[in-house]
Every structure is written in structure tokens, then in C-alpha cells.
**Q** 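Quick one: the structure is below, and I'll ask about it shortly.
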There are 2 protein chains.
Amino acid sequence: MEDAEPKSPQRRRMSGRASVTIRDVARHAGVSVATVSRALRGSDLVHPSTRERVDAAIEELRFTPSQLGRSLAERRHAANGIVFPDLSGPFYAEVVLGYEEVAATLGRSVLILSTQNRESADEMVLDLAGRVDGLAVFGRTVHDDVVAEVVQRGVPVVLMARTEIQGADSVRTENVDAATSVVEHLLAHGHRRMAFLGDPSDSTDVAERWAGFRGALAQAGAEVPERTIRAGFKEDDGARVAAGLVADGLPDVVVCANDELALGLTVALAEQGIQVPGDVAVTGWDDVMAARYAGLTTVRQPMREMGARAARLLDARISGDRSEPRHDVLTTQLVVRRSCGPHPKEAHR
Amino acid sequence: MEDAEPKSPQRRRMSGRASVTIRDVARHAGVSVATVSRALRGSDLVHPSTRERVDAAIEELRFTPSQLGRSLAERRHAANGIVFPDLSGPFYAEVVLGYEEVAATLGRSVLILSTQNRESADEMVLDLAGRVDGLAVFGRTVHDDVVAEVVQRGVPVVLMARTEIQGADSVRTENVDAATSVVEHLLAHGHRRMAFLGDPSDSTDVAERWAGFRGALAQAGAEVPERTIRAGFKEDDGARVAAGLVADGLPDVVVCANDELALGLTVALAEQGIQVPGDVAVTGWDDVMAARYAGLTTVRQPMREMGARAARLLDARISGDRSEPRHDVLTTQLVVRRSCGPHPKEAHR
DNA sequence: CGCTCCTTTGGTACCGGTTACATAAACCGG
DNA sequence: CCGGTTTATGTAACCGGTACCAAAGGAGCG
């Protein structure tokens, strides 16, 4: 009746508390492990009285089923991954938030990985891929062939803000139309000489914004700059180019690839006595919180929605959806504030 | 010599690609699984020529060891969890970033969970605890007894910005001294009637700030308000109290529990024609990016360091550190900007 | 030349669950 | 009272690795 002879040589985990397993529960309740397992998953046919005994044993032993054992047997991780470059800045956090929210609702945990220029990023992504049922990858955090490898291993992948890859879904935000809106708005202000700050080779998004920018200028018959002013993504990068901009002669407006650049630039210009929008107009991209307080005209992107969308796409794939890859494009919105100059008629908040 | 008779009735996974296991590799290389396992982990004693054969087989079969199988056998997840309330706002992202960075360096993946008032938060945390080797918990995201339960199960826990719990490490930021600095600075400005915006019952941090605030005022012989102006944590909450503040007669300064409150309040006041700092001074807490652009005087907290610290503490515990729980307190720094009024001598950036 | 000792390798029992299949008990109408 | 279902439970084979223990084959040595 009791658990008598201790036969296994080494017993339990040496450090920490002994973890109680499903077999302990079974013995304690006087049933088989199969029955305990059934009782555990609720659904099945177990006699009420038996279930009661099992529940009592579980309670008494403070048993918690091991996620590992379960996942191994079920051959699913019940977890999704998300890879992004940096997370610093207010931008990525929103994406992760949207992603986590949906994933959690769907009963999946979320594993995050920030590659931040780590040289071992590729391996880390491959490792991560081995721990999840699906993976969302933001921007160009990792080489195409690594993504391909992950896909090839049968792990569903959804790309965010990145050029499409064979066999993977993707979610992006609209860039060309938005750039056109920005340019048109600036033209309406009377601005003509426009510069673009950002590095198109940095990301698909920037490349598209630059293309849209040029296109709109050409369309309007305005002067189209040869090249962008190269810069990274941070406030520092924006600040760094201020001096050169002044030396080369200020344009009417600087369209920046993101808000941080625009804000950094604005501050650096002010330190040289140059006022925005008085002496030069500036626009950004993303509509981060600071943009509101700095009065920066920018383009709002539905970041949270992007994360949520990615999580839902992944869920569908994991659930067996074998249809053609989808490529969603989310719409963006011009947000006009004072950094682009005084506006005669536009709404201003 | 070959793999001949297929005896197992159902073969492989039905959906998706067949996953190749260590036994496939063993058969292919003509060795035992033990040898493959050894070769895999590098370190062991395997004859170079054998290792070569195994590597070839691995390569050829495109074999990737299953993290699940490995974790189950090794009885470790090689993953840490982090639980926080919201992640929205620029604040938590920094914590997560610091945490992830250290955890990744230590070879641990990071699972995130945002509780955001989900009613099922408790279960979710318990579930998460079953998937990790250690857990960081931010603020009062979850009930004390749930944390206790996790600790009781033998999962190391480190609390962040939260009152201590028996058996768990904790990391906090300093609040009382900081509040004192804020008050002293404001007194030096000549401000006397000070109000405090925030809800001390919301978090330990706010409670301590409020206590420090009162203490410093009392110390200086200044008027000590009876109670705080209750509010949440968001810009909206700050905006909501503006009208009441005006109606009740403006104090000299409003010390806010965080930057978002301060910023929301400032904007709402401006809409009523009240200028900061001209008509009333305002200070915040956290030093988020927007605070810089809004010229908000605030207290900077080393959020990234807090995350990093938590990850390191957890690592030590997971590695078997059985010493007394540690309770680290990180120092904070007053950041003076223009929202507290014109400063005769102070440095200003 | 026989006997230790060491290096490599194989066999196999785990880790902690799930589940197909077999079996036993209970129910049911004829 | 009996064969046929239906329901409840047990047995054992997985899932995919790790690691202990034993065995095989040389090498070194008296």
C-alpha cells in the first residue's frame, strides 16, 4: 500500500527541493500515471471519484506538472520568439507589447532576443528557433540565410519591417505614401529645398521613405537631392550632422528617417543658434512620445498593431495554415505639429 | 549495416518535416547515441576520426539537437523570466533591455510576461515559473502569495522595485534621499507650498517618494500637505487633475510620482493658460526621453542597471548561491531642467 | 608474455510527461 | 443469465536528449 523499497540508486535532484512527478502522484492516489495525466488535462473520461482522489493527491503533494516533460511529449513549445535589434528607444517596446499581448491571449509564452550588434547574433537566433513554435523577426537583425535556415527547419517565421523572404509572412508599415504626404505637406508650406537624413541601406523602411521622398519631389517638379545625409538612428547621429548641414548651407527642411534623428538634430541646431522651424523645418518618423513634447511633425506608425498582427499570423501558421505567405502593409498617418513651420489652415495638436 | 526494418507503427511527425534525432545521426555515422551526444557537447573524449564521422553525419542530416530533450535531461531550462506590469512607456523597456543583455551573455534566454491587469495574471506567473530557472518580478504585478509560491517551488526570484519578500533577492532604486534632494532644490528656488501627485498605495516607490517628500518638508519647517493628489501613472491621469488643482488654488510646485504624470499635467495646465514654471513649478521622476525635450526637472533612475543587476543576482542563485538574500539599492540622481523655475546658479542641461 | 591502466565506445536507464492499446468492470436488452 | 457495448483504468512505448557503467582494445611495464 505504501511506497516501500527505494530502489533507484541516486534519488531526486541533489540541490534544491525534490520535485514531485506524476508518478509520485499516481502512487499516492493509488492509480496509474495515465489516469493522473487524464485527470490533469481535465477533458477525459475519469470517474469522478477517481478524479477526486487524484486531485487530493496533487493538492497534498503540491504537484506541478513539468512544462518540459509536457512539451517534449506534445512536441510543441507553447512559446513564440521575437527578435529585434535594440529595444532601446520607445519604438520597439510598443511592438513587443502588442506581440506579447496577443501571444499571451493565445496561450503562448514569449521569448525575446535583442541582437544589438552581437557578433553571435546568428547562432543566438538559431538557438532561439529551437525553443519556440514560431518566430517574429524585426528589421535586418540577422542575415537572410539565417532566416531561410529557420524557415527550412520548419519553424514558421514572420518578418516585421523587413524585405520579404521566400516562405515567410511579413508585416510592414506603409512608407511611400506617407513620404509623399510629408513632402506634399511641406510643399504646401512653401518649402522647396529639402534634404533627407538617414541611411537607406540601413533598412527597408528607410529605403522606401527615401524613394517616396524623391518620387514626390520629382512629381511636384521640385529639386530632388542626389543623396541622403547619412546617419544612423540615434539622437547622437542627428546631432552629429548639424554642423555639416550649416556649413553646406541650410535647406528649407530636413526630412528625417526617424524621430530620434530629428530631435537630436533640432537640439544641435539650436545650440548653433538656428531655430526650428524659423530657420529650417524638420520632420521625423514614428511619433514617439518625445515628439509630442518637442512639437515634431512626424508620421505615426501603428507599432503595437504590427506586433499584434505578427503574433496572429504566426498563430495561424503554427496551427497548420498552409496557404500562401501573406504580406501585410499597415497604414500610417501624418501628424502635423509645429516643427514644419506655421500652418495657415491645417489642424494642429 | 543499413537501417532496415521499420518497426515502429506510426513514424515521425505527421505535419511539417520529419525531425531528425540523435539516433538518426548515430545510425548514420555508425556509432552509438552516447558517442554522438559526446561529440555534440564538444568537451568529451571522442577519437578525432570518430568525431569527424559524427560531424559529417550531423551536417548531412542537418541535425539540430532538440532544446527540449536536452533541457529535460539536464533539468534546466537555460531560460529566465521577467514579469512586469505594462511595458508601455519608455521606462520598462530599459529594464528589460538591461536584463536581456546580461541574461543573453550568461547563455540564458529570456521569457517576458506583461500582466497588464489581466485577471489571470497569477496563473500566468505560475506557469511562467514552470518554464524558467529563475524569475524577475517588477513592481506589484502579482500578489505576494503567488511570489511566495514560486519561491517555495524552488525557483529563484528577484524582485524589482517592490517590497521585500521572505527568501527573495531584491533590487530597488533609492527614493527617500532623492525626494529630499528634490525638495531641497525646490526650497532653494523659494518655493514653499508643495503638492505631491501620485498614489502611494500604488507602489513601494511612490510610497517612499511621498514619505521622503514629507520628511524633507518637515525637516525644513515648511508646510507639509496632509495627503497626496491621487493619480495613476499615465499622462491622462496627470491631465485629469489639472482642473481640480486650479480650482483649489495652485501650490508653488507639484512634485509628481513620475514623468508621465508631470508631462500630462503640464500640458493640461497650459491649455488652461497656466504656465510652467511661471505660474507653478512641476517636477517628475524617471527621466524618460520626453522629459528632456519638455525641459522637465526630474530624478534619473538607472533602469538598465536595475535589469542587469537582477539578471546577475538570479544567475548567482541559479548557480547555487545559498547565501542570505541581498537587497540592493541603486542610487538616483536629480536632473535639473527648467520646469522647476529659473535657477540662479545651478547647472542646466 | 601476461597483466594492469587508460582511452574510446556502446548499452541503457533515466528526465517527466502523453497516449495508443489492452484489459477489466459495469451496464443493458433479450 | 449471457454476449455486446460502453466506461474506467493500467501497461508500456514513445518524445529526444544526457550520463553512468561496463566492456573492448591498445599501450606500457615488469
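Naming: A, B, ... by sequence-line order, numbering from 1 per chain. Computation of the quantities below employed the complete heavy-atom set of this structure, encompassing side-chain atoms and omitting hydrogens, waters and symmetry-equivalent molecules.
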**Q** Quick one: the side chain of Arg23(A) and the base of dG17(C), do they pair up donor-acceptor inside 3.5 Å?
**A** yes

**Q** Please verify the inter-ring angle class for Phe138(B) with Tyr92(B); under 30° counts as parallel, over 60° as perpendicular, anything in between as tilted.
**A** perpendicular

**Q** Taking only side-chain N and O atoms of Arg75(B), does any of them lie within less than 4.0 angstrom of OP1 or OP2 on dC15(C)?
**A** no

**Q** Between the side chain of Ser71(B) and the main-chain N/O of Gln67(B), is any donor-acceptor distance below 3.5 Å?
**A** yes

**Q** Figure out the NE2/P separation between His77(B) and dC15(C), and round it to whole Å.
**A** 15 Å

**Q** Distance check needed: dT18(C) P versus Arg38(A) CZ, whole Å only.
**A** 11 Å

**Q** Ile58(B) has an atom CD1; how far is it from atom C1' of dG16(D), in whole Å?
**A** 14 Å

**Q** Would you classify Val31(B) as touching base, sugar-phosphate or nothing, given that sugar-phosphate means primed atoms plus P, OP1 and OP2, and contacts are heavy atoms under 4.0 Å?
**A** sugar-phosphate

**Q** Is Thr64(B) touching bases, backbone alone, or none of the nucleic acid, heavy atoms closer than 4.0 Å?
**A** sugar-phosphate

**Q** Rounded to the Å, how far apart are Glu74(A) CD and dG16(D) C1'?
**A** 15 Å

**Q** Between Ser319(A) (side chain) and Asp315(A) (backbone), is there a donor-acceptor pair under 3.5 Å?
**A** yes

**Q** Would you classify Gly30(B) as touching base, sugar-phosphate or nothing, given that sugar-phosphate means primed atoms plus P, OP1 and OP2, and contacts are heavy atoms under 4.0 Å?
**A** sugar-phosphate

**Q** Does OP1 or OP2 of dG10(D) have a side-chain N or O of Ser32(A) closer than 4.0 Å?
**A** yes

**Q** Check this one for me: any side-chain N or O of Ser37(A) less than 4.0 Å away from OP1 or OP2 of dT18(C)?
**A** yes

**Q** Which part of the nucleic acid does Leu72(B) contact within heavy-atom distance under 4.0 Å: base, sugar-phosphate only, or nothing?
**A** base

**Q** Counting only heavy atoms from other residues, nucleotides and ligands, does the tally under 6.0 Å from CD of Glu123(B) exceed 12?
**A** no

**Q** Looking only at side-chain atoms of Ser19(A), point me to the closest of dT11(D), dG16(C), dG17(C).
**A** dG16(C)

**Q** Starting at CZ of Arg27(B) and ending at C1' of dG11(C), how long is that distance when rounded to a whole Å?
**A** 16 Å

**Q** In this structure, how many angstroms lie between the C1' atom of dT9(C) and the CZ atom of Arg51(B), rounded?
**A** 13 Å

**Q** Whole angstroms only, please: what is the CG-P distance between Leu40(B) and dG17(D)?
**A** 8 Å

**Q** Would you check if the side chain of Thr105(B) reaches a backbone N or O of Glu101(B) as a donor-acceptor pair within less than 3.5 Å?
**A** yes

**Q** Got a donor-acceptor contact below 3.5 angstrom from the Arg53(A) side chain to the Ala29(A) backbone?
**A** yes

**Q** Let me know, please, whether Thr50(B) or Gly69(A) comes out on the 5' side of the other along DNA chain C by nearest nucleotide.
**A** Thr50(B)

**Q** Would you please confirm or rule out a distance under 4.0 Å between OP1 or OP2 of dC15(C) and any side-chain N or O of Ser71(B)?
**A** no

**Q** Just N and O in the side chain of Thr35(B): are any of them under 4.0 Å from OP1 or OP2 of dG10(C)?
**A** yes

**Q** In whole Å, I'd like the distance from the NE2 atom of His47(B) to the P atom of dA24(D).
**A** 20 Å

**Q** Taking only the side-chain nitrogens and oxygens of Arg41(A), find out if one of them lies under 4.0 Å from OP1 or OP2 of dT19(C).
**A** yes

**Q** Looking only at side-chain atoms of Val33(B), point me to the closest of dA19(D), dC15(C), dG17(C).
**A** dA19(D)

